[in-house]
Colleague: 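I have a structure here, written as structure tokens, and I will follow up with some questions on it.
Naming: A, B, ... by sequence-line order, numbering from 1 per chain.
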Number of protein chains: 2
Amino acid sequence: MLVYYLRLMARIKIDKNSSRKEVIVAKAAALFREKGFKAASMRDLAESVGVEAASLYNHIKSKTELLHELCFGVANRFMHKMDEVESQKIPAIEKVETMIRFHIDEMINHYEEVYVSDREWKHLSDPYLSNFQNQRRMYRKRFAALIEAGIRDKEIKKIDAPTAVLILLHAIGGIESWHRSTQKISAAALTDNMITILVGGLTNK
Amino acid sequence: MLVYYLRLMARIKIDKNSSRKEVIVAKAAALFREKGFKAASMRDLAESVGVEAASLYNHIKSKTELLHELCFGVANRFMHKMDEVESQKIPAIEKVETMIRFHIDEMINHYEEVYVSDREWKHLSDPYLSNFQNQRRMYRKRFAALIEAGIRDKEIKKIDAPTAVLILLHAIGGIESWHRSTQKISAAALTDNMITILVGGLTNK
DNA sequence: ATAATATACTAACATGTGTTAGCAAAAAAA
DNA sequence: TTTTTTTGCTAACACATGTTAGTATATTAT
């Protein structure tokens, strides 16, 4: 008996507003988050996309490009928010709280990308690496400046501003554990608790 | 002209209180911290130890064993401290502060090991992986219990204790950035600032 | 000095990696 | 339909990886 097998080729599914490359980048974010950039192989990624490894290269230039895309995508969002907040005419402590809320929101709703950008940027290669590090340094300086303004206005305790920034940013990174935990409190409750502790820790009186 | 090359073999230098294995583990901590577990190769490690890669295997069983050693070494230290603090007869808020200070101290003085244990444990393999995860969960539960006791005694704000733990632990992880920064404030100043913000964020009034 | 043990070396292996070449098939444009 | 372009496939590459075998050389014990 002669049997013909109909071979149909896989295809990367896309919805209206996202290119195939964007689908790959999104899957990469999830995978890099789960395994780490180095431990995640292109064959892993291919499988999660539903295609053979070589096929990915019709859409992307390299594995590292995926990391660029993720890291700078996230970095740009934070930079733009910082621009926006800096130019607002509100008390410094409110600026700080706005930024904290933004960080929390990003960490809740764009978990994978933000997490990867935060933990895996080391694996970028120059010139992207130094570029990213510079942006990061700059961002933290601007954040510290917000806090220092709050200290001058006596809204915020007399503390070392860079240390405060470092605490804030890393504390928010802890939302990672919230995502992984089985019995999550609601996102709103999480946000409230974080704001209470963090802003409470900064505020004068 | 005939020339004889005198070949002398490298040797892992040890001082009185540390075996060759301990030297390797220490170097591994530094390397894993810098590059990440996956990205750090045994040849890298060998070079940093001053020996050929194969020679390492006279002292260790595998690359993963190095990670075990580091992760469980750190985990045990924290567990023992928790035992000690739990059994003390002092207010809950002071227990919390003691533990926070211990974390800060560990992060300052045993940076590499603690950092690696915190970030690279994912690369452990079962049964060590589940074991480690269990210990971690347990530890956080006990930490949360300290905070809950403080809430009952009205020493600590009414907050979600697990969330508070997650904030505390991750915030302290931020000392990583302090280590990497060029213009460091003193360790004592860092500690003071962190205590001010974190304990201040928890304390009622 | 001799024997025994600990430690290091060279060479090589099997495996997993990112990536490319060349071709097939599907989709889009003509 | 025919042509062109996009997208996927198989096969293979060059290279890095963790690790082992077998051997040489130090160090320690007898």
Colleague: Nearest whole Å is fine: how far is C:dA8 P from B:Ile60 CD1?
Modeller: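 Whole-Å distance recorded here is 12 Å.
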Colleague: In whole Å, I'd like the distance from the CE atom of A:Met9 to the P atom of D:dT10.
Modeller: 8 Å
Colleague: List in chain and number order the residues that pass side chain to side chain donor-acceptor pair (under 3.5 Å) with A:His103, two or more places apart in sequence or in another chain; answer none if no residue qualifies.
Modeller: A:Tyr139
Colleague: Let me see the working for A:Phe78 and A:Phe102 under ring pair (Phe, Tyr, Trp, His ring centres under 6.0 Å), right down to the final yes or no.
Modeller: CA-CA 8 Å; A:Phe78 280 103; A:Phe102 183 72; 5.4 Å; yes
Colleague: Does B:Asn58 contact C:dA6 through a side-chain donor or acceptor facing the base, at a distance under 3.5 Å?
Modeller: no
Colleague: Please list, chain by chain and in numerical order, all residues satisfying side chain to side chain donor-acceptor pair (under 3.5 Å) with B:Glu148, sequence neighbours excluded.
Modeller: none
Colleague: How close or far is atom C1' of D:dG8 from atom CD1 of A:Ile12, stated in whole angstroms?
Modeller: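 In whole Å, D:dG8 C1' and A:Ile12 CD1 are 9 Å from each other.
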Colleague: Taking only side-chain N and O atoms of A:His59, does any of them lie within less than 4.0 angstrom of OP1 or OP2 on D:dG8?
Modeller: yes
Colleague: Take the protein atom CG of B:Leu56 and the nucleotide atom C1' of D:dT17, then report the distance between them rounded to whole Å.
Modeller: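 Answer to the nearest Å: 14 Å.
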Colleague: Nearest-Å distance, CD1 (A:Ile24) to C1' (D:dT7)?
Modeller: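 Rounding to the nearest Å, CD1 of A:Ile24 and C1' of D:dT7 are 11 Å apart.
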Colleague: Tell me whether the side-chain N/O atoms of A:Arg11 come closer than 4.0 Å to OP1 or OP2 in C:dA26.
Modeller: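 For C:dA26, neither OP1 nor OP2 has a side-chain N or O of A:Arg11 closer than 4.0 Å.
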Colleague: Let me know the distance between CD of A:Glu52 and P of D:dT10, rounded to the nearest Å.
Modeller: 5 Å
Colleague: For B:Glu112, enumerate each residue passing the side chain to side chain donor-acceptor pair (under 3.5 Å) test, keeping only those at least two apart in sequence or located in another chain.
Modeller: none
Colleague: Looking only at heavy atoms, what is the nearest atom pair of B:Ile156 and B:Ile159, with distance?
Modeller: CG2-CD1, 4.3 Å
Colleague: Quick one: pull up CZ in A:Phe32 and NE2 in A:His123 and give me the separation to the nearest 0.5 Å.
Modeller: 10.5 Å
Colleague: So what is the end-to-end bend of the helix from C:dA1-D:dT30 to C:dA30-D:dT1, with 5 pairs used at each end and the value given to 10 degrees?
Modeller: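 The angle, to the nearest 10 degrees, is 20°.
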Colleague: State whether A:Lys21 and A:Glu65 are salt-bridged, where the test is any N-O pair (Lys NZ or Arg NE/NH1/NH2 against Asp/Glu carboxylate O) under 4.0 Å.
Modeller: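 Salt bridge present between A:Lys21 and A:Glu65.
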Colleague: Could you tell me how far apart A:Tyr57 (OH) and D:dA12 (P) are, to the nearest whole angstrom?
Modeller: 19 Å
Colleague: Without decimals, in angstroms, what is the distance between A:Lys21 NZ and D:dG8 P?
Modeller: 15 Å
Colleague: Give me the residues of residues 30-51 of chain A where at least one heavy atom lies under 4.0 Å from an atom of DNA chain D, by number, or none.
Modeller: A:Arg43, A:Val51
Colleague: With sequence neighbours left out, what residues match B:Ser117 under side chain to side chain donor-acceptor pair (under 3.5 Å)?
Modeller: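 Scan of B:Ser117 (side chain to side chain donor-acceptor pair (under 3.5 Å), adjacent residues dropped) gives none.
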Colleague: With A:Glu86, which of A:Lys141, A:Arg142, A:Lys81 fulfils salt bridge (Lys or Arg N to Asp or Glu O under 4.0 Å)?
Modeller: A:Arg142
